[in-house]
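Below is one structure, written out as structure tokens, with a few remarks after it.
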Amino acid sequence: QNGKVTPAEATAALDVLNKGAVASAEKSKKDKHAEPAPTDPELFMTRGEANRLLLKSNDAYTDFSTAQTLDPQSPATYVALGVLWKYADNFDGAEEQFKQALTKDPNYGPAYREWAETDYRWAHTVPAKASEKIKEAVDHYKKYLSLTDNSVESQMRYADFLINAGDYQTLQQVATDLTKSAGTNLRVYRYLMYAAAENKDYPAGLQAGTTWMTKADPKRLIPRDYLYYGRIQIASGQDSVGIATLRKALTLDSSATDVYGEIANTLWSKRKYGQAGDAYAVFIEKGGRQVTLNDYLKEGISYYFSVNPNKPDTTVLNKADSALSYI
């Protein structure tokens, strides 16, 4: 289903392969004129893949190694072993296998694909390597696309790499092209929203964001979606709805305390001083080390300017006095 093998299918395939291998070996023992025991590397590759899917790593290693012995020039066997090392988090070992595969065939696309996937896992497993490995992952996956597969599904996976690498220029190009393809995953509009926002292409970001936020299952929406969409709305002049969207993000992730500061600064820039004063007060309470004396200054001034000089509110003036006195 969807090009992926289920555990049940892998088990059934393994059962057939094992029975066939045993029967062939038994027949070979009894009858000297019978076909010899299996020597087809593809049989061992298939059985190894079934074992790998069933998490029988030792058996899979034996099968892939046998296939490699039978056909030492096949790059596929090196890639298969590299994938095993990847899942064991032996990233150096996996990388060496992919390099070996490419000595057999420099244009063997799957080696670049699995190398990219290994770099991706490496980057998320070893933080110190993250920046280096995610950039390598982008390069390797781009090479894979150029050699073999430019399908929508592969382009979407390439977009995953690009967003992790922070390459928003390329991401916007890829995501824009994907929106023109039939059957594109709706998630591409999330990526286009992010990329357009980072590239300050707010009209494209607003269009993509509206598509994603209104058509995606609400369960798929994450705090980051609301953050980007809110920022785009504010940049597009939709201040009130943008602030509401940012506040929605905070209800989902209250740890993003810098967003309180964004809300306050937006209200300040629009001279909505009463609301700005309250927003700075919340930011000062929750922002921790992100809070500066300038935030206290803006809180005090906001409250001061929000007071009607003909009917001063001493409660608000006391708030302004308190903030300025702290400075």
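Worth knowing before you read on, the calculation uses all heavy atoms, side chains too, and leaves out hydrogens, waters and symmetry mates.
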> Looking at NZ of K56 and CG of D63, how far apart are the two atoms once the value is rounded to the nearest 0.5 Å?
Replying inline: 10.5 Å
> Between OH of Y78 and CG of L81, what distance do you get to the nearest 0.5 Å?
Replying inline: 9.0 Å
> How long is the span from the CG atom in N51 to the CG atom in D59, to the nearest 0.5 Å?
Replying inline: 4.5 Å
> Going by distance alone, is a donor N or O of one side chain under 3.5 Å from an acceptor N or O of the other, for D253 and Y226?
Replying inline: no
>> We want to know whether N308 and D313 form a side-chain donor-acceptor pair, criterion being a heavy-atom distance below 3.5 angstrom.
In response: no
> Where do I284 and E299 land on the side-chain contact (heavy atoms from CB on, under 4.5 Å) test, with the steps shown first?
Replying inline: CA-CA 9 Å; I284 288 167; E299 180 194 11; 3.2 Å; yes
>> Go through it in stages, so that I can follow the logic: the residues are Y87 and V83, the test is side-chain contact (heavy atoms from CB on, under 4.5 Å), and I'd like the CA-CA distance, side-chain angles, deciding distance and then a yes or no.
In response: CA-CA 6 Å; Y87 285 119; V83 171; 3.5 Å; yes
> Is it the case that one hydrophobic cluster holds both W122 and I163, taking links as side-chain heavy atoms less than 4.5 Å apart, direct or via other members?
Replying inline: no
>> Distance check, rounded to the nearest 0.5 Å: L147 atom CG versus N107 atom CG?
In response: 5.5 Å
Side-chain donor-acceptor pairs of residues 64-73 under 3.5 Å, sequence neighbours excluded:
{"residue": "S65", "atom": "OG", "partner": "Y61", "partner atom": "O", "Å": "2.8"}
{"residue": "T66", "atom": "OG1", "partner": "T62", "partner atom": "O", "Å": "2.8"}
{"residue": "Q68", "atom": "NE2", "partner": "T77", "partner atom": "OG1", "Å": "3.4"}
{"residue": "T69", "atom": "OG1", "partner": "S65", "partner atom": "O", "Å": "3.0"}

>> Per the ring-ring contact (aromatic ring centres under 6.0 Å, His included) rule, what does the pair list look like for residues 142-175, sequence neighbours excluded?
In response: Y120-F161, Y141-Y144, Y141-F161
>> Looking at T179, is its backbone amide N or carbonyl O close enough to the side chain of T184 to form a donor-acceptor pair, meaning the two atoms are under 3.5 Å apart?
In response: no
> Which one of K286, E285, Q290 satisfies the side chain to side chain donor-acceptor pair (under 3.5 Å) criterion with T257?
Replying inline: Q290
> Counting N and O atoms only, with roles assigned by atom type, does the side chain of N199 sit under 3.5 Å from a partner on the main chain of D201, one being a donor and the other an acceptor?
Replying inline: no
> Pick from N265, D295, N294: which one makes a side chain to side chain donor-acceptor pair (under 3.5 Å) with Y280?
Replying inline: N265
> Between G261 and F283, which heavy-atom pair has the shortest distance, and what is it?
Replying inline: N-CD1, 3.4 Å
Could you pull out every donor-acceptor pair under 3.5 Å between side chains of residues 187-195 and any protein atom, sequence neighbours left out?
{"residue": "R187", "atom": "NE", "partner": "Y191", "partner atom": "OH", "Å": "3.3"}
{"residue": "R187", "atom": "NH2", "partner": "D160", "partner atom": "OD1", "Å": "3.4"}
{"residue": "R190", "atom": "NE", "partner": "D225", "partner atom": "OD1", "Å": "2.9"}
{"residue": "R190", "atom": "NE", "partner": "D225", "partner atom": "OD2", "Å": "3.4"}
{"residue": "R190", "atom": "NH2", "partner": "R220", "partner atom": "O", "Å": "2.8"}
{"residue": "R190", "atom": "NH2", "partner": "D225", "partner atom": "OD2", "Å": "3.0"}
{"residue": "Y191", "atom": "OH", "partner": "D160", "partner atom": "OD1", "Å": "2.3"}
{"residue": "Y194", "atom": "OH", "partner": "D225", "partner atom": "OD1", "Å": "2.5"}

Extract all donor-acceptor atom pairs below 3.5 Å that involve side chains of residues 244-252 and protein atoms in other chains or at least two apart in sequence.
{"residue": "T245", "atom": "OG1", "partner": "Q233", "partner atom": "OE1", "Å": "2.6"}
{"residue": "T245", "atom": "OG1", "partner": "V241", "partner atom": "O", "Å": "2.8"}
{"residue": "T251", "atom": "OG1", "partner": "K248", "partner atom": "O", "Å": "2.5"}

> Are any of the side-chain heavy atoms of D167 and T170 separated by less than 4.5 Å?
Replying inline: yes
> Taking the six-membered ring for Trp, are H140 and W115 parallel (under 30°), tilted (30 to 60°) or perpendicular (over 60°)?
Replying inline: parallel
> Taking a hydrophobic cluster as the set of Ile, Leu, Val, Met, Phe, Trp and Tyr residues connected by side-chain heavy atoms closer than 4.5 Å, whether directly or through intermediates, do L297 and V307 fall within one such cluster?
Replying inline: yes
Side-chain donor-acceptor pairs of residues 315-327 under 3.5 Å, sequence neighbours excluded:
{"residue": "N318", "atom": "ND2", "partner": "T314", "partner atom": "O", "Å": "3.2"}
{"residue": "S325", "atom": "OG", "partner": "D321", "partner atom": "O", "Å": "2.7"}

> Counting only N and O atoms by type, is there a donor-acceptor contact under 3.5 Å from the side chain of S74 to the main-chain atoms of A76?
Replying inline: yes
> In Å and rounded to the nearest 0.5 Å, what is the CZ to OG distance from R157 to S151?
Replying inline: 12.5 Å
>> Evaluate T210 against L206 for side-chain contact (heavy atoms from CB on, under 4.5 Å), listing each step before the verdict.
In response: CA-CA 6 Å; T210 300; L206 187 63; 4.2 Å; yes
> Taking T211 for the side chain and Q207 for the main chain, is one N or O donor matched with an acceptor at less than 3.5 Å?
Replying inline: yes
> Step by step, would you call S181 with D177 a side-chain contact (heavy atoms from CB on, under 4.5 Å)?
Replying inline: CA-CA 7 Å; S181 302; D177 290 341; over 6 Å; no
>> Give me the atom names and distance for the closest heavy-atom approach of A196 to Q172.
In response: CA-OE1, 3.6 Å
>> Show the nearest heavy-atom pair for residues A276 and S302, with the distance to one decimal.
In response: CB-OG, 3.7 Å
> Do the two ring centres, one from Y273 and one from F305, sit under 6.0 Å apart?
Replying inline: yes
> Among pairs that include at least one residue of residues 81-108, which meet salt bridge (charged side-chain N to carboxylate O under 4.0 Å, His left out), considering only residues two or more places apart or in two chains?
Replying inline: K86-E114, D89-R121, E95-K133
>> Side-chain heavy atoms nearer than 4.5 Å, only ILVMFWY residues, links allowed to pass through others: does that put L43 and V79 together?
In response: no
> Transitively linked via ILVMFWY side-chain contacts under 4.5 Å: L55 with M45?
Replying inline: no
>> Please determine whether the number of non-hydrogen atoms from other residues, nucleotides or ligands lying under 6.0 Å from atom CD of E132 exceeds 12.
In response: yes
> Rounded to the nearest 0.5 Å, how far apart are NZ of K272 and CG of L267?
Replying inline: 6.5 Å
> Is W85 close to T118 at the side-chain level, that is, under 4.5 Å between some pair of heavy atoms?
Replying inline: no
>> According to a hydrophobic-cluster definition based on side-chain heavy atoms being under 4.5 Å apart (Ile, Leu, Val, Met, Phe, Trp, Tyr only), do M213 and V259 belong together?
In response: no
